[in-house]
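Side-chain atoms are counted along with the backbone in the values below, which use heavy atoms only and exclude waters and symmetry mates. Chain letters run A, B, ... following the sequence lines, proteins first and then strands; every chain starts at 1.
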Amino acid sequence: MNYDFSAIEKKWQKHWDEINAFKAENKSDKEKYYVLVEFPYPSGAGLHVGHVRSYTALDSLARIKRAQGYNVLFPMGWDAFGAPAEQYAIKNHVYPANMVKECIKTFKNQIKDLGLSFDWSREFATTDPEYYKWTQWQFLEFYKAGLAYKDLKEINWCPKCKTGLSNEDAAGGVCERCGTPTTKKLKNQWMLKMSAYADSLIEGLKDTEFLDKIKTAQINWIGKSIGAEVDFSLKGLDEKLSVFTTRCDTLFGVTFMVMSPEHKLLEKYKSHIKNIEEVEKYQEEAKHKSEIERTDMTKEKTGVKIDGIKAINPVNGKEIEIWISDYVLANYGTGAIMAVPAHDERDYEFAKKFGIDIVPVIEGGDISKEAYVGDGIHINSEFLDGLGKEDAINKMIEFLEKNKIGKKTVNYKLQDWIFSRQRFWGEPIPMVYCEKCGWQMVPYEELPVILPDVPSYEPTDNGESPLSKVDEWVNTTCPCCGGKAKRETDTMPNWAGSSWYWIRYMDPHCETGIADMDAMKYWGQVDLYNGGMEHATRHLLYARFWNQFLYDRGIVPVREPFKKRVAHGMILGENNEKMSKSKGNVVNPDDMVKTYGADALRTYEMFIGDYTKDASWSENGLKGCKKFLDRIYRLETKLNNEEGYSKDLESDINKTIKKVTDDILTMNYNTAVSSLMILLNKYDKKDSITKKDYRIILQLLNPIAPHITEELNEVNKLGPEFTKSAWPEYDESKIIDESYEIGVQVNGKLRASITVLKDEDEESVKEKAFKEENVKKYTDGKDIVKTIVIPNKIVSIVVK
RNA sequence: GCCUUCGUGGCGGAAUGGUAGACGCGCUGGACUCAAAAUCCAGUGAUAGCGAUAUCGUGUCGGUUCGAGUCCGACCGGAGGCACCA
């Protein structure tokens, strides 16, 4: 159809800009609604059709909420620190800030072309000094609270990126950025004491409406486990080796102990170890293995027996061997375990390989074949004999605590957040080191610590940040004594800027704090937060931790930042595979907007399928949606001069108002679009429609296809602009049908269908059912066992 | 291995335990046209039949129910997450 959709779209986008149609006010009598979509990384590749999907989805929701009288905050900004900009800088030897500016410009233009109702007056980038000033300020808050500390730590190290990584960024033993297997490296790092919030992060989930799978992912990541710490004394030494166990009831089955190769006691008692060379060789090997190699479960167990040191089992005084093996992790529990080969698969495998005793203490299974990990009655366990698992654990803890050889303990997989990166493109950590005074905070009036330009953006081979080469920046004076001091040259991780950005949106230009308290109190929680599943355990956990900390410091008024979290599905290529340049299946939203228009692209992406599930792209599907909009356009030729709704459309119209409203607010966009298609089909069957008929279908479609609907509403003089109109209500009395066509089943098989009045008398419905020829055919001459009439639904006849 | 999910036409996908396949794509036939595109009309799960209709049909096998895509159990397959966490 030839109408100039590009001109129409441009016209309305310009108009909305001019009248500030989507500006959210911080002072309002209206009820607030805060919709947030994760801000994008403005990469050079530009917008992806996946962005269009989630942005449009939340946009249509925001538009309805506004029309329903809410003061809606729907902001957009840029998460612009991080790898791609830095990679580009390294390659082209340019300061990343300029490149980032260019990318943001492109991204923003692409987003603007889609007619999304973002409040652009609140836009910012995490790389703006006005923004990262406050990121640095908050770091100092962590420091003041004792939750930011520098520590010599075994950290995850990516040999390719030459930087340290948090545990979250090195999940699975590979670097999140480049996929290189990570190794361990001892390094002085800034850490945030996230572990202090482990329980609080689990507890807080109760106050959110996250999807269960997101909650589960977080709970698993935090990995809380309740057990006991038990002290084993070392024979002939005034020393004890502590272990953490969830099964202290199996203590009588302990036949050896295993320390991680990194365990501190190995260094301390070096002189007592007769085979120290062998031990050190093993330690060296473990160090050079990548995390993947170390945690590969299919590999055979390895280990070295420590010759010269033995432990005493505290419950029975038996002497047991101590081994070192890399299947024991240094950073979980105490870094050492008590091994119960009879009832633990890993210990069993180890014991079998090295010929260590296996003593069963729980009845069941056959320990000559495998470790028995099931429940059962305790045996060979003196005072625990005859007890079940729960009782035995309780009794043992009581025993341990009474004899001061152990206590009940809780352990978490969640570690402190490694917050240092030896990279250039990140927020400088605002700390100064003075030989005399130690670590000092950069004074508040000197914030932000501006990221300077450097001669080279590459990470250095010695594992220091490129910033360390900028002498005039590094060398400074100590805020405490005024003497010579050096700046911290590590930068913050990519996740820092995104850990509080939703707060800044509430008051983006605030100069006295991260945001004004009144603004934060007004906007409160984000009502709906949309983002990818890949952020369920990283961004979302960091952000919640950060916010809970701010809450505890009295800086923000709410403890949980996000009320509801939803995740969109991916848009795959036409070949059902993830879109990628190498597969050549990337669809560029710009091209689609040019060819079919933003409205058609938006409608298609809403229609493509279940919002939360992956869907594959189909250009024919997009064409179909363009056709739908063309048909909507053509309705103008059918306008008559009658008032109100057409009588015969009233019921359908009211039903559609209800359906579209409910569907969009519950994010069932595909069925919202389809119900509008159904309504259009009804309109098309008629010779003419009224202005009111036309306006309502345009208004219902407006949140999804905002430009063309405004245009048609205007040129046909149907009513005020939709951005200035209240969302329509439906008339309950009009959506009730007067009659229904219902099925008649005989012995569960459909044999006929009859028309009945609403709530028609049961006897009369039965009568109609039995009058049907095809029903008679299956019931005549048979015993009618029973007849079930479900009002307005179905008649079910059972015969014999 | 554990956890979470999902299995419906040629395709994307609809279905509060109540007439499976809405809506869209594609395809077939027709109208309009010199022709094409666009548009409009009709048809479109499989099998049999001119047809009314019948049988089969929501991954497989069972179960509950008057009635199961939907609930329960076992299994098969795909996707995602976790995984030597003591």
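Look at the P atom in both B/C3 and B/C75: the space between them is 12 Å, to the nearest Å. The separation of B/G24 from B/G13, taken at their C1' atoms, amounts to 9 Å, rounded to a whole angstrom. Separation of the P atoms belonging to B/G29 and B/G17 is 42 Å when rounded to the nearest angstrom. Using C1' as the reference atom, B/U47 and B/G57 are 11 Å apart when rounded to the nearest Å. Comparing the C1' positions of B/G21 and B/C11 gives an interatomic distance of 13 Å, to the nearest angstrom. Nucleotides B/G45 and B/A22 are separated by 15 Å at their C1' atoms, to the nearest Å. For the P atoms, the distance from B/U65 to B/G49 is 39 Å, rounded to whole Å. One C1' atom belongs to B/A79, the other to B/G30, and the distance between them is 44 Å to the nearest Å.
Nucleic acid contact class of A/I608 (heavy atoms, under 4.0 Å, all strands): sugar-phosphate only. At the heavy-atom level, A/N747 lies nowhere under 4.0 Å from the strands shown. At the heavy-atom level, A/K685 lies nowhere under 4.0 Å from the strands shown. Among the protein residues, A/E345 comes within range of no part of the nucleic acid, since none of its heavy atoms lies under 4.0 Å from any strand. The residue A/Y348 sits apart from the nucleic acid: no heavy atom pair falls under 4.0 Å. A/I797 comes within 4.0 angstrom of nothing in the nucleic acid, heavy atoms only. Using a 4.0 Å heavy-atom cutoff across all strands shown, A/N620 reaches sugar-phosphate atoms only and no base atom. Residue contacts shown for A/G624 are limited to sugar-phosphate atoms, with no base heavy atom under 4.0 Å away. Using a 4.0 Å heavy-atom criterion, one finds that A/K627 contacts the sugar-phosphate atoms exclusively. Across all strands shown, A/T246 has heavy atoms under 4.0 Å from sugar-phosphate atoms exclusively, and none from any base. Contact annotation for A/V785: no contact, since no heavy-atom pair falls under 4.0 Å across all strands. Counting non-hydrogen atoms under 4.0 angstrom, A/T787 reaches nothing in the nucleic acid. Counting any heavy atom pair closer than 4.0 Å across all strands shown, A/D610 reaches sugar-phosphate atoms only and no base atom. Residue A/N670 is in sugar-phosphate contact alone, with no base atom involved, counting any heavy-atom pair closer than 4.0 Å across all strands shown.
Taking 4.0 angstrom as the limit, A/N681 places a side-chain polar atom (N or O) nearer than this to OP1 or OP2 of B/G24. For B/G12, neither phosphate oxygen OP1 nor OP2 lies less than 4.0 angstrom from any side-chain nitrogen or oxygen of A/Y604. Contact between the side-chain N/O atoms of A/R751 and the OP1/OP2 oxygens of B/U55 is found at a separation under 4.0 Å. Within the structure, a side-chain polar atom (N or O) of A/K786 is placed less than 4.0 Å from OP1 or OP2 of B/C66. The side chain of A/Y327 places no N or O atom within less than 4.0 Å of a non-bridging phosphate oxygen (OP1 or OP2) of B/A86. The phosphate of B/A38 has neither OP1 nor OP2 within less than 4.0 Å of any side-chain N or O from A/R634. Put simply, A/S225 has a side-chain N or O that comes within less than 4.0 Å of OP1 or OP2 on B/A86. Remark: A/K749 is in phosphate contact with B/C56, judged by side-chain N or O atoms under 4.0 Å from OP1 or OP2.
Both A/N331 and A/G748 sit near RNA chain B, but only A/G748 has its closest nucleotide nearer the 5' end. Nearer to the 5' terminus of RNA chain B, by closest-nucleotide assignment, is the contact made by A/D684 (compared with the other of A/D684 and A/T537).
When the C1' atom of B/G81 is taken as reference, atom CD of A/E534 falls 13 Å away, rounded to whole Å. Taking atom CG of A/L680 as the reference point, atom C1' of B/C40 lies 14 Å away to the nearest angstrom. The nearest whole Å value for the distance from the CD atom in A/E605 to the C1' atom in B/G13 is 16 Å. The CG-C1' distance, from A/L329 to B/C84, rounds to 7 Å in whole Å. Rounded to a whole Å, the CD1 atom of A/I324 is 22 Å from the P atom of B/A86. At whole-Å resolution of the value, CZ in A/F628 and P in B/G12 are 22 Å apart. The OH-C1' distance, from A/Y778 to B/U55, rounds to 10 Å in whole Å. Atom NZ of A/K626 and atom C1' of B/A37 are 14 Å apart (whole Å).
Listed for the A/K413 side chain is no donor-acceptor partner under 3.5 Å among the backbone atoms of A/Y332. Side-chain atoms of A/Y412 never come within 3.5 Å of backbone atoms of A/I222 as a donor-acceptor pair (strictly under, hydrogens ignored). Remark: the backbone N or O of A/P261 is paired with a side-chain donor or acceptor of A/Q283 at under 3.5 angstrom.
Under a 4.0 Å N-O distance rule, the pair A/K776/A/E773 qualifies as a salt bridge. Between A/D737 and A/K758, no side-chain nitrogen of the basic residue sits less than 4.0 Å from a carboxylate oxygen of the acidic one, so the salt-bridge criterion is not met.
Across B/G24, B/A22, B/C66, the shortest atom-to-atom separation from the side chain of A/M677 is found for B/G24. Ranking B/A22, B/A86, B/U19 by closeness to the A/L750 side chain, first place goes to B/U19. Relative to the side chain of A/E741, the nucleotides B/C66, B/A83, B/U19 differ in distance, and B/U19 lies closest. With distances taken from any side-chain atom of A/I788 to the nucleotides B/U19, B/C23, B/C66, the minimum falls on B/C66. Closest to the A/N774 side chain, of the nucleotides B/C66, B/A86, B/U53, is B/U53.
Applying the 6.0 Å contact sphere to CD of A/E534 captures more than 12 heavy atoms from other residues, nucleotides or ligands.
Taking the centre of each ring, A/F350 and A/F256 come in below the 6.0 Å mark.
Contact of the A/F232 side chain with the A/L251 side chain is registered, since non-hydrogen atoms from C-beta on lie closer than 4.5 Å.
Ring-plane geometry between A/Y3 and A/Y633 is classed as parallel, the angle between the planes falling under 30 degrees on a 0 to 90 degree scale with a further cut at 60.
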| message | Between A/K352 and A/E370, is the salt bridge (Lys or Arg N to Asp or Glu O under 4.0 Å) condition met? List the steps. | response | CA-CA 10 Å; A/K352 273 280 174 194; A/E370 59 185 359; over 6 Å; no
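Glycosidic conformation, B/G67: anti, with the torsion outside 90° of 0.
Side-chain N/O atoms of A/K301 and base N/O atoms of B/C84 include a donor-acceptor pair closer than 3.5 Å.
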